[in-house]
Amino acid sequence: MKSCHFALVIGVAVALPLGAQAQPSSAKPMSFPVVQGKTYKFEKIADGVYYATGGLGSNNVVIVNDQDVLIVDTGTTPATARAFVADIKMLTDKPVRYVVNTHWHYDHTDGNSIFGPEVQIIATDFLRTAMTTFDVLNREPWKTSTAQYAPAQLDALKKQIADEKDAGHKAELTKQLADMTKIAADLKEVKPTPPNITYSTKMVLHRGAREIDFLFARYQSLRGDSVACFDLALHHSATKTKNAQHEQKA
């Protein structure tokens, strides 16, 4: 049986490989080759595997296969997903053909709608059920997380800017308003798009020489989430350090 040398609870954390040992607190942090895009920073953690940060929403993973690309999670808005795909072109010209949604919340899935029928969006049965039956745009966490971009909030910020006397603070608030206004416009484009390929307990994807196993994470705090295992010979300490360096995003 193939061992799982590298496991990701993708979109939640980079998990330790099986059998990894704890490092002493004095261990020197590992560094990884970096490609900086316009929005995303890509850290190459293995051959063809990149950890991506910088967008609006969950952290992401990019897996460059022999003929195509698999990405993990699509961010909070279609605009976020488009920025992600655009920056991936700095890594490869191969097309994105697989998307893995690891969790049903908006920050993992609301970029799904930019992809056409040629892209397989993979997730658990539960995740698809959640997206199609939970009325996700009229419940938590969407309502609370997007409340700050409501017209009333933007109007209040405009008034604060008009009343501000300090030029430096006024400039900061003006930049904040511009950013929030853009996000508010981007949120209007959101159209929840569920996965078109689902599995109940496990799914195996073969892409050239690479095998990717998807597992249903049956943990109370990760209801419906996916774990992916990659058969890669990664050094344990490198993966542990990556886990320690990045804040978990659920």
Do Phe126 and Ile197 share a hydrophobic cluster (ILVMFWY, side-chain heavy atoms under 4.5 Å, transitive)? yes
request  = Please check if Val62 and Val35 belong to a single hydrophobic cluster, counting links between Ile, Leu, Val, Met, Phe, Trp and Tyr side chain heavy atoms closer than 4.5 Å.
outcome  = yes
| task | Could you tell me whether the side chains of Ser58 and Asp107 share a donor-acceptor contact shorter than 3.5 Å? | result | no
Residue set satisfying side-chain contact (heavy atoms from CB on, under 4.5 Å) with Lys143, at least two apart, ordered chain then number -> Glu140
*Can you list the steps and then say if Ile183 with Thr77 is a side chain to side chain contact (heavy atoms under 4.5 Å, CB included)?*
CA-CA 8 Å; Ile183 293 173; Thr77 66; 5.5 Å; no
Between Arg139 and Trp104, the two heavy atoms sitting closest are NE-CH2, 3.8 Å
Next on the checklist: If hydrophobic clusters are built by linking Ile, Leu, Val, Met, Phe, Trp and Tyr wherever their side-chain heavy atoms come under 4.5 Å apart, do Tyr50 and Ile45 end up in the same one?
Outcome noted: no
- prompt: Is there side-chain contact between Asp110 and Thr76, with heavy atoms separated by less than 4.5 Å?
  reply: no
Closest heavy-atom pair, Asp66 versus Gly208, reported as atoms and distance to 0.1 Å, is OD2-CA, 3.2 Å
Of all heavy-atom pairs linking Lys41 and Val34, the shortest is CG-CG1, 3.5 Å
Using distance only, find each side-chain donor-acceptor pair of residues 186-194 under 3.5 Å and give its atom names and separation, not counting sequence neighbours.
unit_1	atom_1	unit_2	atom_2	d
Asp186	OD2	Lys182	NZ	2.8
Glu189	OE1	Arg82	NH2	2.9
Glu189	OE2	Arg82	NH1	3.0
Glu189	OE2	Arg82	NH2	3.1
Thr193	OG1	Lys191	O	2.9

Exercise. Check whether Val85 and Val119 end up in the same hydrophobic cluster, where Ile, Leu, Val, Met, Phe, Trp and Tyr are linked by side-chain heavy atoms less than 4.5 Å apart.
Key: yes
> Do Asp125 and Thr198 have side-chain atoms, one donor and one acceptor, less than 3.5 Å apart?
Replying inline: yes
Notebook entry, point to check: Are Phe42 and Ile88 close enough, and set up right, to give a side chain to side chain contact (heavy atoms under 4.5 Å, CB included), and what steps lead you there?
Noted result: CA-CA 9 Å; Phe42 300 97; Ile88 288 172; 4.1 Å; yes
Assess whether side chain to side chain contact (heavy atoms under 4.5 Å, CB included) is satisfied between Asn60 and Ile71, documenting all intermediate values. CA-CA 7 Å; Asn60 306 83; Ile71 66 173; over 6 Å; no
Between Thr80 and Leu56 the two heavy atoms that sit nearest each other are CG2-O, 3.3 Å
Looking only at heavy atoms, the pair that brings Tyr199 and Phe216 closest together is CE1-N, 3.8 Å
Check: Is the backbone N or O of Thr53 less than 3.5 Å from a side-chain atom of Asn59, with the two atoms forming a donor-acceptor pair by type?
Finding: no
So ring pair (Phe, Tyr, Trp, His ring centres under 6.0 Å) across residues 63-100, not counting sequence neighbours, yields Tyr40-Phe84
Shortest non-hydrogen pair, Pro195 vs Leu127, comes out as CD-CD2, 3.7 Å
Sorted by chain and residue number, the side-chain contact (heavy atoms from CB on, under 4.5 Å) partners of Asp166 (sequence neighbours excluded) come out as Glu164, His169
From the list Arg207, Arg97, Lys94, side-chain hydrogen bond (donor to acceptor under 3.5 Å, both in side chains) partner of Asp68 resolves to Arg207
- Flag for Asp73-Thr102: side-chain donor and acceptor within less than 3.5 Å: yes
With sequence neighbours left out, the residues meeting side-chain contact (heavy atoms from CB on, under 4.5 Å) with Leu177 are Leu154, Leu157, Lys158, Ile161, Thr181
Q: Please check if Val96 and Leu70 belong to a single hydrophobic cluster, counting links between Ile, Leu, Val, Met, Phe, Trp and Tyr side chain heavy atoms closer than 4.5 Å.
A: no
Contacts satisfying ring pair (Phe, Tyr, Trp, His ring centres under 6.0 Å) that involve residues 142-162 (not counting sequence neighbours) are Tyr106-Trp142
